[in-house]
Structures are given as C-alpha cells and as structure tokens.
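Comments concern the structure below.
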Protein chains: 2
Amino acid sequence: MNAADDVLTILRTRSLSGVLEREIEKAILAGEIPAGKRVNENLLATRFGTSRGPVREALRALEGLGLVELIPNRGVFIRQPELEEAIEIYDVRTVLFGHAGKLLAERATETVIARLRDYLEQMEAAARSRDFDSYYPLNLAFHEFIIDSCGNATLAAQYRGLVKKLHLFRARSLVQGGGLEVSNSEHREMVDAVAARDPERAQRAHAEHVARAKARLIAACRKAAGEAQPQPN
Amino acid sequence: MNAADDVLTILRTRSLSGVLEREIEKAILAGEIPAGKRVNENLLATRFGTSRGPVREALRALEGLGLVELIPNRGVFIRQPELEEAIEIYDVRTVLFGHAGKLLAERATETVIARLRDYLEQMEAAARSRDFDSYYPLNLAFHEFIIDSCGNATLAAQYRGLVKKLHLFRARSLVQGGGLEVSNSEHREMVDAVAARDPERAQRAHAEHVARAKARLIAACRKAAGEAQPQPN
DNA sequence: CGACGAAAAACTGTCAACAGTTTTCTCTTT
DNA sequence: AAAGAGAAAACTGTTGACAGTTTTTCGTCG
C-alpha cells in the first residue's frame, strides 16, 4: 500500500457505481438486508437516488467478490455460508494468518514490533477492566495491522475477503465474545514469537489463534444445535 | 463440487452477462486483448452482438475477481502484475497448495490416490517421450485434481483465482517449460507422501513444488533482465 | 520541423423505457 | 375451507439515447 494505491482508491470511489459498491457492501455486512433474501434493485436505486444501472454494476462487482449470488431472472441473493463453508473459510484463514505471522517474524521492523506490543498492552488493559467496547475494535485493528504489515498485499486482500464472507455466516455472533484473557494470552504468544524473530513459532502461534476461534465456533454451533448434528473436523 | 453446483453454474451461464463474463475472461487470459491496454466496451458489445450494459456488468464482475482494473472516465484496464506481485501470488499459492496436500494426505480415499498415481504414470510416460504437447494439459489436470480433491472448495476457489491472476503476468512464458523430469520427480514425492498418509510430508512436498516454480520464475526474470535488478526473496 | 492549442471524434457514465419472466393476488371449483 | 388456475403486479434483463469526459486530430505559431 503506497500513495499511488491511495489515489487509485479515491478515484475508484469517485465513480457512482464504485460508491454504490462500497455502500451496498456496508449495508450487507451490517445486516441491513436480510441475509439470504433477494436484493431489490429498485429499492437500492431509489435509496441512493440513482438508476438501476449503477446498482446492477455494483452488485456484479460484489458477486465477483463472493458476497452475493446471482440467479438469472430471480435476482441477486446475499450469500449465506453454511457451517461447512464457514469451517472451510476458517481453515484457509488459519493457513493465511499463520503465513502472515511467519513473514512478520522474518521481516518486521522494530517499529512494527513496538506497535504490536502497544496494541497488546492496550488490549490487556481493556481486558483487565472488562471494557469490551474498546477491546473489540482494538482486537480488530491488531489483526488488520498484522495482515497489513506482513508485506504481502495479495495475502492481505485474500484474507480480508475471507473475513467479509465470514461476516455473512448466520451464527457468527456465537463466536464474537471468545474470552478476553484467553484471546489475549494467544496474542502475547504471537507478538513474542515475532519479536523473537522465530518464524516457525510465529507461524504456529498465529495459525493456532485462528484455529482456536474456529474450534470455539464449532463448539458454539454444536451447543446451539443441542448436540443434534455431530460435525466433522 | 456436487450436482447442485453444476446446476447453478449452468444457470449462471444462461444469463447474457454471465456468458459475457466467461467469454471476456477467456479472451483476456488468452491474451487476445493487449495486456495493460484499455478494454473497449463498444468493441466487445458489437463483437458479442449485445449492448454495452451486459458488457459493463461482466467487466465489473471481472473487476471483483481481480482480473481487470477500473479507472473512472478512462475505462477498464487489464491488470498486469509486476514481478513483485507475481512473487506475492506464488507465496500465497505455495501456502494454499501445501495445505491442499496436507488435507489430501488426511482425507484422500483410495480411489483418489489411485487416480493420482494414474496421472503420475501418464505424465512420466509423456516426459520420457518428450511429448510436451500432452504433458502440459496432463500437468494442469493433475494440479486441478489435487485442488478439487482436497475437500475444501473455498481453498480451491481462492487457488484458482490466484492462478488466473498469474496468467496475466507478462513474463509467465519464461517459466512455462520448467524441466519435465524435475517437475515429475516432485510430483512423485507429492503422491508418495499422500499415499503414505503423512500430512506433514505431503504439505512440504506440495508447498515446495510451487516454491520451486516461483524460484524458477525469479531466476528466469533475473536472467532476462541481465542481472540488472536484484530481486529480494 | 517541432510544439502548442483548439476543435472534433471517441468513449465512458448514467438514465429511462420496454420486453420477458417470476411472483403475488384473486377468483373459481371441489 | 383448501387447492388450483388465471390474471395482475412486481421485478429482472436488455436496449438505445444523451451528457460529460478523455483522447485524437488537425491547424497554427514559434
């Protein structure tokens, strides 16, 4: 991410359908449009004060990103992953995040490591005072920072796409609060491994952090389903 | 990939812009449209006998897939990765393919392993007789089969997307012929590791197979550039 | 002969309208 | 009262046209 990319981003956002793409994506991820339901083009067009053309274009872009699904003559539907797909996504995320950790341990500058430690301290402070409202965004920013600092923009883009898709999983809320202290001890191990310049250890720490989130999700789903349907993996 | 997915694919292809998306993607990957150049909407529309609307929608879908780039008021440009990005893509591919190998070793049925061995034999036969024309598609099918058989459709989709992007790299041709026997000995190790049900070994074998392709690409680029610009990694 | 600038052509962005399909509603029949 | 057929409404798919921007062309000046 350099200055040229920023300019490009601004320019892309200038075009009407570009703005629509972002706005509709935001609306979808915020859950404004009922998941799994059809997206009404006319409604969106009138809502944003445009014609249906740009709306359709934005929706096709979102289709390419994998957030919606197109069924001919029926319309655009918001994708809603089943548990099986959520597990798949978590598995890929695990691998990518693990690799990000490895890269970080190999390449991170001292400045980056200092910022990681800074995030860690803030999160620990928030966890101690049970301040979930400030912990959550911190946690998010921490993970974003790791992905952005690993030095592989392609990996970062792929990872972000996966996280977005995971937002569409119906039972996502089940895994939201996954224990502040538990999560933070994992964070500490991640940062320590990076600071120790140990790629293997960093990879393991980062991967296991996501893998445990996956495990929590599966456990929560099983519990919610009343142990009705045993899940593999 | 099951029957339901096939039906969906057929349905998607039925819509005009869906067909256009595939056709335009094919044209781009085949290099019909000069890489890096602007894509002319009118030209494509007349070529396919439609209006510009569906063409624009198809292009926006391809934008979401990361094959083209949209610059407002200037048009759609075919993305052309620099060496740096190609390396990034190879790195992610390495990780994903490695994981596919690991999954395969854990889950592959005997039928799958038998087919892997079958591919291997055919490729070895083609390599012995220096029959490159039949080796290349076999090699492609072999990799596709691995990705499809690992049991993670999300991983498969991501991997395929990366391969497509790599097709846009200008110097891709440099790495095309990477030594038939070398490549095949790597293939043998991959299959053996899977057949031995050794996930760690399979992961290593699969990852290294892609990593070596990356190394060949970098070496070829350096050579082509006359050792002018030393590349990291 | 090259560079600059204005006019013209080409192209993209957006819209409104029409055709065809799907969905909903209503009325009839059992 | 429930089920089914037919009509009406709603919605998607596609088109052609117009407005605004960019690119090219062409003529002029240094």
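Letters go in sequence order (proteins before strands), and every chain restarts at 1.
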Could you check how far [atom1] of [X] sits from [atom2] of [N], rounded to whole Å?
X	N	atom1	atom2	result
A:Leu70	D:dT14	CG	P	10 Å
B:Asn42	D:dG16	CG	C1'	12 Å
B:Arg56	C:dT14	CZ	C1'	8 Å
B:Leu44	C:dC11	CG	P	12 Å
A:Ile71	D:dC11	CD1	C1'	15 Å
A:Leu59	D:dT12	CG	P	9 Å
B:Arg60	D:dG13	CZ	C1'	18 Å

Could you give the distance from CG (B:Asn40) to CZ (B:Arg38), rounded to the nearest 0.5 Å? 5.5 Å

What does nucleotides 18-23 of chain C look like as a protein-contact string, B for base, S for sugar-phosphate only, - for none, at under 4.0 angstrom between heavy atoms? ---SSS

Salt bridge flag under 4.0 Å for residues B:Arg60 and A:Glu63: no

Taking the inter-plane angle between the rings of B:His209 and B:Phe97 on a 0 to 90° scale, is it parallel (under 30°), tilted (30 to 60°) or perpendicular (over 60°)? tilted

The salt bridge (charged side-chain N to carboxylate O under 4.0 Å, His left out) partner of B:Glu41 among B:Arg47, B:Arg56, B:Arg74 is B:Arg56

Classify the nucleic acid contact of B:Val55 as base, sugar-phosphate or nothing, counting any heavy atom under 4.0 Å across all strands shown. nothing

Looking at the rings of A:His143 and A:His206, which for Trp means the six-membered one, are their centres under 6.0 Å apart? no

Which of these nucleotides, C:dC11, C:dG13, D:dT15, is closest to any side-chain atom of B:Thr50? D:dT15

Please tell me which of A:Glu41 and B:Gly49 maps to the more 5' nucleotide of DNA chain D, matching each residue to the nucleotide holding its nearest heavy atom. A:Glu41

Between A:Val76 and B:Gly53, the residue closer to the 5' end of DNA chain D by nearest nucleotide is A:Val76

Closest contact, heavy atoms only, A:Lys165 versus A:Pro81: O-CG, 3.7 Å

B:Leu116 and B:Phe145 have their tightest heavy-atom pair at CD2-CD2, 3.7 Å

So which one's nearest nucleotide on DNA chain C is more toward 5', B:Leu43 or A:Glu57? B:Leu43

